[in-house]
Amino acid sequence: MRRGSVIQLVLLGLVAAAITTAVALLIPWLPVAAGKEAQRIDFVFWFTTAIAIGVFAVVAAVLTFEVWKFRARPGDDSDGPPTHGHTGLEIAWTTVPAVLVTAISIVSAVILSQNGHATANPFHVEVIGQQFAWTFTYPNGTSSGSLTIPEGRSTILDITSKDVIHSFWVPQLAQKQDAVPGQHNRLVITPVETGTFPVICTELCGLGHALMRSHVDILSPADFAKWEANGGKTTTDPGLAVFQQNGCGGCHTLQAAGANGKVGPDLDNLKQEATKANRGPLAAFVKESIVNPAAYLEPGYTDQMPHTFGQQIPAASLDQLVQYLVANAK
Ligand code: CUA
């Protein structure tokens, strides 16, 4: 090959590499990596992307060069010269991709294994998925509809489900883990940033799947110590605490609780709904709707609410929840 052709090929490759590198770097493809595991996963993404850019540049350069140099001139109907294989080239295009793919698998395997390891003294949280809410239970026995974890220390999530398969995902923490009934899956997260990030159900689990969302609060070690000292409560209102612990906001809207679920009836309108239902005083109606949700269905809604809250919520807490809902109904 003439020297001029080699220079043209190299230039074409550099142009293709520059364009793809710009597309990779200038567009923010990935969310902030708020955890050590997420940073490692991002590294695998970039490692693979760099290899892909290299391969693309070579292919694009050769393809453009061939199409340009060896195109049929007008009026040229002759066949091209017969060409046999090129052993050197064949060895190269077999060996190089094999080495690159092996490199990607080794890097991935190392990072997968590192991501399974927690730092010393990890914090443990039990995560339960249920149509259509998350419940997080802490070592002291308290539960909440949102997750609170410390920065700079690993948290081990023990993830399971009460009904169908859900999947736990915080985009900024990168990993996903299925919540499967009868099975306990483990996920290690080690936050490197404080902040509030969304918790998303990323497995189609029913009508309310898209709304099965919560959030994770990553607290600094000092704030986390305060939160722990406060018994893991984010509110001093006992009724609101029961509301949050049972994930009611995953399905219902209630302004007072900052909840905006859309699966079940809007709890701000409880008074109107009770009048329509005509099933006795407001408090009795609210209690019946929690314990035996199918007794009366608000028009436009189906029998979707779990029938288990009556057994799940202790009687005293149930009364606190009913009082809270009655007090906040408009
Ligand atoms: Cu739970 Cu989708």
Side-chain angles (χ1 to χ4, degrees), residues 30-32 34-35 37-38 41 115 124-138 142-149 155-189 191 195-218 234 241-254 257-267 289-291 293-294 297-298 300-313 321:
L30 299 173
V32 187
E37 296 79 13
I41 290 171
N115 278 359
H124 287 266
V125 182
E126 190 187 54
V127 181
I128 298 173
Q130 179 181 18
Q131 289 170 322
F132 297 100
W134 295 103
T135 308
F136 303 94
T137 305
Y138 299 100
T142 58
S143 295
S144 169
S146 67
L147 178 59
T148 302
I149 52 172
T155 293
I156 297 181
L157 301 177
D158 177 308
I159 303 173
T160 188
S161 167
K162 276 193 183 163
D163 38 41
V164 299
I165 301 176
H166 305 273
S167 183
F168 176 92
W169 182 40
V170 176
Q172 288 77 4
L173 297 173
Q175 307 166 95
K176 292 177 178 176
Q177 183 61 276
D178 277 1
V180 182
Q183 194 173 311
H184 289 259
N185 290 338
R186 198 181 103 112
L187 190 66
V188 178
I189 47 183
T196 297
F197 303 108
V199 171
I200 295 171
C201 177
T202 180
E203 181 78 55
L204 184 60
C205 57
L207 265 186
H209 160 68
L211 303 159
M212 188 169 161
R213 290 178 174 232
S214 175
H215 62 269
V216 51
D217 289 311
I218 301 172
T234 43
V242 180
F243 185 89
Q244 291 175 340
Q245 283 159 10
N246 289 282
C248 306
C251 292
H252 295 281
T253 291
L254 181 63
N260 48 20
K262 297 274 185 291
V263 178
D266 186 334
L267 300 180
S289 300
I290 298 170
V291 176
L297 293 174
E298 170 74 4
Y301 294 90
T302 53
D303 182 15
Q304 284 224 42
M305 179 158 151
H307 291 194
T308 48
F309 287 119
Q311 296 104 61
Q312 197 174 311
I313 306 176
L321 177 60

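Whatever order the structure lists them in is the order used to number ligands and atoms, beginning at 1.
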* Asked: Counting distance only, does the side-chain N/O of Gln131 pair as donor-acceptor with the main-chain N or O of Cys205 below 3.5 Å?
  ->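 Pair found, side chain donor or acceptor close to backbone of Cys205.
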* Thr137 and Ser143: which non-hydrogen atoms are nearest, and at how many Å? ->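 In this case the closest contact between Thr137 and Ser143 is OG1-OG, 3.0 Å.
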* Asked: Considering only heavy atoms from C-beta outward, does the side chain of Pro198 approach that of Gln172 to under 4.5 Å?
  ->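 Touching, per the 4.5 Å side-chain cut-off.
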* To do: Only counting residues at least two apart or in another chain, list the ones meeting ring-ring contact (aromatic ring centres under 6.0 Å, His included) with Phe243.
  =>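 Phe243: no ring-ring contact (aromatic ring centres under 6.0 Å, His included) contacts found.
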* **Positive for side-chain contact (heavy atoms from CB on, under 4.5 Å) with Ile189, one of Asn115, Ile156, Ile149** =>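 Among Asn115, Ile156, Ile149, the one that satisfies the side-chain contact (heavy atoms from CB on, under 4.5 Å) with Ile189 is Ile149.
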* atom 1 (Cu) of ligand 1: which protein N, O or S atoms are under 2.8 Å away? ->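 Counting only protein N, O or S atoms under 2.8 Å from atom 1 (Cu) of ligand 1, the list reads His166 ND1, Cys201 SG, Cys205 SG, Met212 SD.
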* **Among Thr202, Asn185, Asp178, side-chain hydrogen bond (donor to acceptor under 3.5 Å, both in side chains) partner for Ser167** =>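 Passing option: Asp178.
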